[in-house]
Amino acid sequence: MSAGTAPRRGGFGRLLRAEWTKFRTVRGWVLGLAVAALVIVTLGLTAASGSHTSCGGPNDVCPATPVGPGGEAVDDKFYFVHRSLTGDGSITTRVSSMTGHIRKPDVTPGTRNEVDGVVPWAKAGVIVKDGIRQGAAYAAMMVTGGHGARMQYNFTQDIAGRPGGVSNDSPRWLRLTRSGEELTGYESADGRHWTTVGTARLAGLPDTVQVGLFAASPGDLTVQQADFGGSIQAVRFTEAIAVFDQVALEGRTSGGAWEHDDIGVTMEPDGVTPHHPGGFAQSGDTYTVTGVGDIGPTGDGQRIESTLSGLPAGLVGVIVVGVMFVTAEYRRGLIRTSLLAGPRRGRVLAAKATVIGTVTFVAGLAAAGIVVVVGTRILRANGNPVLPVSTLTELRVIAGVAALLAVAAVLAFALGALFRNSAAAVTVAVAVIVVPHVLATTSVLPVGAAQWLLRLTPAAGFAVQQSIPEYPHVISYYAPSAGYYPLAPWAGLAVFCAYAALALGLAVVRIRRRDA
């Protein structure tokens, strides 16, 4: 080596090895991360073990939740007037009116308060369904109480048609045609000029299906803020009454009288008497169908992320380790040694952030995998209905939670490098990551404020654990306290990553200025 040539000190790979060696040789850091993972598993499995559901009856077993063609849990409750259709064909009808009744909160205690009207997602129209089994594939063309004409199929899919309601002065014509596995929905104002609303392909649709008229009406949801925080939700009875005429069937259909079934009707405790049954009446060529319930995905039941109740507590442990990974060096004066090993200060911090993020991801992956898989099995064994999700969604939740923990560790590390004080860095990290999530998901704040908090703070990253999406065509309480986040899973995590990157960048700027 010639005189005047400086020795080349380690590249980034050598820095990574040095920081990994440093991490694994400090028992407190390794133990702290292990404890954080153990807290997530222990609290999650304990909560799952303490959750029990029973529905009464001879066997004390809750009925299974219907599952749609896509594997999602569904509501499939409606009144169905039908005939069989073999091969291709169509059904056309005019909906001349849709009325109904809505149960409202009682004004006078003990006096039932029921008013005339229909809820926005009350629906009536024509439908083709693979039999009368709950969860079977279907396509429907319908009018709704407040969202105009729609074509919906297989529970999760919704296509908007022309807006506007239906009345005696303004009837709506509907048509649904079948060609193999393909079904097409049409609407018309006069029965002569038709507009295509949408087309659905129902894979595996058998040659013989059921075709006919239907009516359904989901419950009326009311939400009130409680006096001491939280919310009070109530779903009350509603029904839709639709009048059809000029019904025309084309294709090979069964003759004779129409069959009619109250799909999914709930029974009274005696197991015989229907609770809020639908109905069917015929007068000449006019058909009146009364229906309750809904056709769509459901969010009623436990979710796989309910096993992650220990995540906020585990995050606190991760934050402490992430902060100590850098502040311990400042406290002991060892940071100078690290900088001498790698004089490019940004690369030193990048190496340390990579190590703490990677080891936390691995620990989080193990913890999330155990608690989600085992916790879900415990919930089901205790009689809890757990909403089914695809394997891909389950893996996304597990990997997403591990990534959430890793990003939290990096953000905590960056704050530690900025403040160079353990107590201050831990306090700030907990305040911007854990506290907003707790405030938003415990109904302490109004829904709008809670949603903005989970859009604009690092707590947006918690969205990555949501397994059941929001469906605009389904009435539900879409609030953080009910498990719904305002950002999509990966979008929420991206916001969290942006905060971590910003903090790490500021830490690099500071260390270059002060330790140069």
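One is the number of the first residue; the rest follow in order along the sequence. Remember, predicted model here, so these are calculated numbers, not experimental data.
The minimum heavy-atom distance between Ala440 and Pro480, with the atom names listed, is O-CB, 3.4 Å.
Only one option out of Ile398, Leu308, Leu493, Val372 pairs with Gln465 in a side chain to side chain contact (heavy atoms under 4.5 Å, CB included); it is Leu308. With Tyr485 as the partner, the side chain to side chain donor-acceptor pair (under 3.5 Å) test is satisfied by one option alone out of Glu470, Gln451, His437: His437.
With hydrogens and angles disregarded, no donor-acceptor distance shorter than 3.5 Å links the side chain of Glu19 to the backbone of Val355. A side-chain donor-acceptor contact under 3.5 Å links Asn382 to the backbone of Ser51. Listed for the Ser217 side chain is no donor-acceptor partner under 3.5 Å among the backbone atoms of Gly291. Panel note: side chain Asn384, backbone Gly301; no donor-acceptor pair is recorded below 3.5 Å. Arg178 places no side-chain N or O within donor-acceptor distance of the main-chain N or O of Thr86, the cut-off being under 3.5 Å. Side chain of Asp262 to main chain of Gly278: a donor-acceptor pair is present (N/O by atom type, distance under 3.5 Å, no hydrogens or angles). Although no hydrogens or angles enter the test, the distance criterion places no donor-acceptor pair under 3.5 Å between the side chain of Tyr471 and the main chain of Gln157. Distance alone, capped at 3.5 Å, places no donor-acceptor pair between the Glu187 side chain and the Arg172 backbone. Put simply, the side chain of Ser390 gets close to the backbone of Thr393: a donor and an acceptor are under 3.5 Å apart. The closest donor-acceptor contact from the side chain of Arg377 to the backbone of Leu379 lies at 3.5 Å or more, if one exists at all.
Annotation: the span from Met324 atom CE to Leu33 atom CG amounts to 14.0 Å, rounded to 0.5 Å. Taken to the nearest 0.5 Å, the CE atom of Met141 stands 12.0 Å off from the CZ atom of Arg175. With rounding to the nearest 0.5 Å, the separation of CD1 in Ile40 from CG in Leu43 is 9.0 Å. Atoms CD and CG, from Gln210 and Asp261 in turn, are 8.5 Å apart once rounded to the nearest 0.5 Å. Note that the CZ atom of Arg150 and the NE2 atom of His473 stand 9.0 Å from one another [nearest 0.5 Å].
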Quiz item: Which is it for Arg133 and Asp76 under the salt bridge (charged side-chain N to carboxylate O under 4.0 Å, His left out) test, yes or no, and what are the steps along the way?
Solution: CA-CA 9 Å; Arg133 175 183 59 84; Asp76 200 6; over 6 Å; no

Exercise. Test Asp220 against Arg103 for salt bridge (charged side-chain N to carboxylate O under 4.0 Å, His left out), laying out the working first.
Key: CA-CA 7 Å; Asp220 183 45; Arg103 173 76 188 276; over 6 Å; no

Self-check item: From CA spacing to verdict: ring pair (Phe, Tyr, Trp, His ring centres under 6.0 Å), Tyr79, Phe280
Solution: CA-CA 8 Å; Tyr79 204 87; Phe280 168 64; 7.1 Å; no

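Side-chain atoms of His82 and Glu259 include no donor-acceptor pair closer than 3.5 Å. His147 and Trp121 share a side-chain donor-acceptor pair at under 3.5 Å. Inspection of the Glu305 and Ser467 side chains reveals an N or O donor paired with an N or O acceptor under 3.5 Å.
Under the 30°/60° scheme for interplanar angles, the aromatic rings of Tyr138 and Phe155 are found to stand perpendicular. Ring geometry, Trp20 versus Phe23: the interplanar angle falls under 30°, so the pair is classed parallel (tilted spans 30 to 60°).
Seen from the ring of Tyr484, Arg303 counts as a face-on cation partner, given the 6.0 Å and 45° thresholds.
Judged as a side chain to side chain donor-acceptor pair (under 3.5 Å), and not counting sequence neighbours, Thr42 has no contacts.
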